[in-house]
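Okay, so here's the structure we're looking at.
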Amino acid sequence: MSMEADAATTSQLPLADTDINWDRLDKTKFHVIGAVLFTAQSGLLHPTAVVKTRMQVAGSESWHVRGGTSVLAQILRSDGVSGIFRGFGTSAIGSIPGRVLALTSLEVSKDIVLKHTQATRIPEASRVGLANALAGMISNLVSCVYFVPLDVICQRLMVQGLPGTAFCRGPFDVVRKVVENEGFRGLYRGFGLTAITQSPASALWWGSYAAAQHLIWRSLGYKDDTGKKPSHVEMVTVQASAGMVAGACSSVITTPIDTVKTRLQVMDNYGSERPSVLKTAKILLKEDGWWGFYRGFGPRFLNMSLYGTTMIVTYELIKRLSVQSSLRSFT
């Protein structure tokens with residue numbers, strides 16, 4: 001059976017629109033719509049990223065006595081609304097090529113794993129979760145090459161004015177100063193830590209999301225052999241719930257790593273020594289003990305819970321809007 005025939009058959013299944021595979025997508029439409037909607041979503045959540053980053057980088061004498069709302073109020077007083085959107089332009093424009101890379105590798109690798117495990121005896125929920133977990137890990141590893149330098153640039157713009165940080169006039173000035181002081185590898189501060197730790201975290205997020213969504217649909221009585229199709233409202237509700245749970249769980253596990261990575265990427269007060277993960281962790285531990293690793297946890301928890309919900313709802317909407325017209329399922 002041809003790929004087109006497989007895709008056409010799949011599109012007629014009752015749960016076809018809850019998990020749209022790569023073969024059914026119009027790739028150009030997928031990336032164009034994705035660029036627009038994900039940029040809008042990033043704009044809504046960017047202020048929480050700025051607050052979280054500033055809390056992680058702030059000195060020990062101030063961070064633990066000032067919560068996220070206090071930090072937000074301080075930014076608004078000193079810099080106005082533009083202060084909570086520092087680095088957004090660079091992030092929004094710079095993320096477009098990286099997002100194409102990440103989404104393509106995610107969908108292609110997921111499709112490959114699902115096809116190669118189709119004939120196995122692995123339970124369906126486990127098989128779907130495994131495919132999404134492996135796809136999430138591969139996508140993260142591939143996209144790290146692009147996103148780590150972008151993170152370094154955006155985060156340095158976010159924290160300007162704090163002790164231990166250098167003032168830069170814009171993204172190109174950040175690149176120039178980093179390369180002058182540390183060479184090209186300075187743009188990859190935290191790359192190893194990001195790749196080694198965030199890839200399993202990405203696998204956890206995508207795997208738990210896919211498995212949770214699969215189990216929720218089955219618990220509600222939806223199966224491909226029942227002929228019962230969920231409504232659009234039901235799809236959004238189930239996918240948002242699974243995304244929120246996945247995002248919240250991920251934030252608890254990854255915040256300590258994110259705190260070390262953020263400080264490693266933006267701090268310049270290491271003297272003549274080259275910064276490292278171990279040195280950064282020791283300084284953080286000395287300043288505030290183990291709780292210091294959870295600096296910015298509140299904003300990060302909020303950010304990742306909202307991100308998990310809005311990202312997956314947006315992502316699944318993009319996929320539904322990008323289905324090839326000849327392969328749309330019939331209601």
Side-chain angles (χ1 to χ4, degrees), residues 1-35 37-38 99-143 202-203 205-218 220 222-232 234-236 238-240 242-243 246 311-331:
M1 186 179 288
S2 67
M3 186 179 297
E4 290 78 7
D6 283 336
T9 301
T10 300
S11 68
Q12 304 308 311
L13 296 175
L15 292 178
D17 286 342
T18 67
D19 188 15
I20 300 169
N21 60 36
W22 185 246
D23 294 338
R24 294 177 59 202
L25 295 176
D26 180 323
K27 312 307 185 288
T28 300
K29 189 185 293 185
F30 176 63
H31 289 305
V32 171
I33 296 175
L37 294 186
F38 273 130
R99 196 171 287 124
V100 171
L101 182 67
L103 295 183
T104 300
S105 58
L106 174 73
E107 288 298 327
V108 170
S109 53
K110 181 177 72 174
D111 207 40
I112 291 172
V113 175
L114 283 173
K115 287 177 179 177
H116 280 78
T117 57
Q118 196 166 14
T120 65
R121 295 182 178 180
I122 302 174
E124 188 65 13
S126 299
R127 189 172 77 89
V128 172
L130 175 64
N132 278 269
L134 289 175
M137 179 177 289
I138 293 169
S139 175
N140 188 268
L141 286 170
V142 171
S143 60
S202 179
W205 197 100
W206 283 102
S208 59
Y209 165 73
Q213 185 190 186
H214 183 88
L215 292 173
I216 291 171
W217 283 127
R218 269 56 186 179
L220 293 175
Y222 289 101
K223 296 181 180 180
D224 282 329
D225 58 359
T226 61
K228 182 181 178 183
K229 285 180 65 68
S231 67
H232 288 293
E234 287 176 308
M235 280 194 283
V236 170
V238 170
Q239 291 167 347
M311 183 277 289
I312 204 62
V313 169
T314 302
Y315 184 58
E316 297 288 6
L317 173 62
I318 291 167
K319 290 173 72 175
R320 288 196 291 274
L321 293 175
S322 304
V323 172
Q324 298 175 43
S325 57
S326 59
L327 297 178
R328 292 188 183 276
S329 59
F330 298 100
T331 55

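Keep in mind the model is a prediction, meaning the values are calculated, not measured. Only heavy atoms go into these numbers, but all of them, side chains included; no hydrogens, no water, no symmetry mates. We number each residue from 1, following the sequence as shown.
- Taking every heavy atom of both residues into account, K115 and D23 meet most closely at NZ-OD2, 2.9 Å.
- Residues L220 and V238 have side chains in contact (heavy-atom distance under 4.5 Å, counting atoms from C-beta outward).
- Between R218 and E124 there is no salt bridge, since no side-chain nitrogen of the basic residue lies less than 4.0 Å from a carboxylate oxygen of the acidic one.
- When atom types are taken as modelled, the side chain of S139 and the backbone of A102 share a donor-acceptor pair closer than 3.5 angstrom.
- A distance of 7.0 Å separates NE2 in H232 from CZ in R320, rounded to the nearest 0.5 Å.
- Residues Y315 and L106 have side chains in contact (heavy-atom distance under 4.5 Å, counting atoms from C-beta outward).
- Proximity of L114 to W22: side-chain heavy atoms (C-beta onward) are nowhere separated by under 4.5 Å.
- Shown here are the side chain to side chain contact (heavy atoms under 4.5 Å, CB included) partners of A211, two or more places apart in sequence or in another chain: there are none.
- In this structure, CD1 on I318 lies 10.0 Å from CD1 on I312, to the nearest 0.5 angstrom.
- Here H31 contributes atom NE2 and D26 contributes atom CG; the two are 10.0 Å apart, rounded to the nearest 0.5 Å.
- Remark: the backbone N or O of L25 is not paired with any side-chain donor or acceptor of S322 at under 3.5 angstrom.
- Checked by atom type and distance alone, the side chain of T104 pairs as donor or acceptor with a backbone atom of V100 at under 3.5 Å.
- Considering M137, K110, R127 in turn, K110 is the only one that fulfils the side-chain contact (heavy atoms from CB on, under 4.5 Å) rule with N132.
- Below 30°, between 30° and 60°, or above 60°: for Y209 and W206 the angle between ring planes is above 60°, a perpendicular geometry.
- In this structure, E107 and L103 have side chains that are not in contact, with every pair of non-hydrogen atoms separated by 4.5 Å or more.
- Although no hydrogens or angles enter the test, the distance criterion places a donor-acceptor pair under 3.5 Å between the side chain of S231 and the main chain of E234.
- Residues G136 and S202 share a closest heavy-atom pair of O-OG, 2.9 Å.
- Taking all atoms of both residues into account, the shortest heavy-atom contact from A210 to G129 is CB-CA, 4.3 Å.
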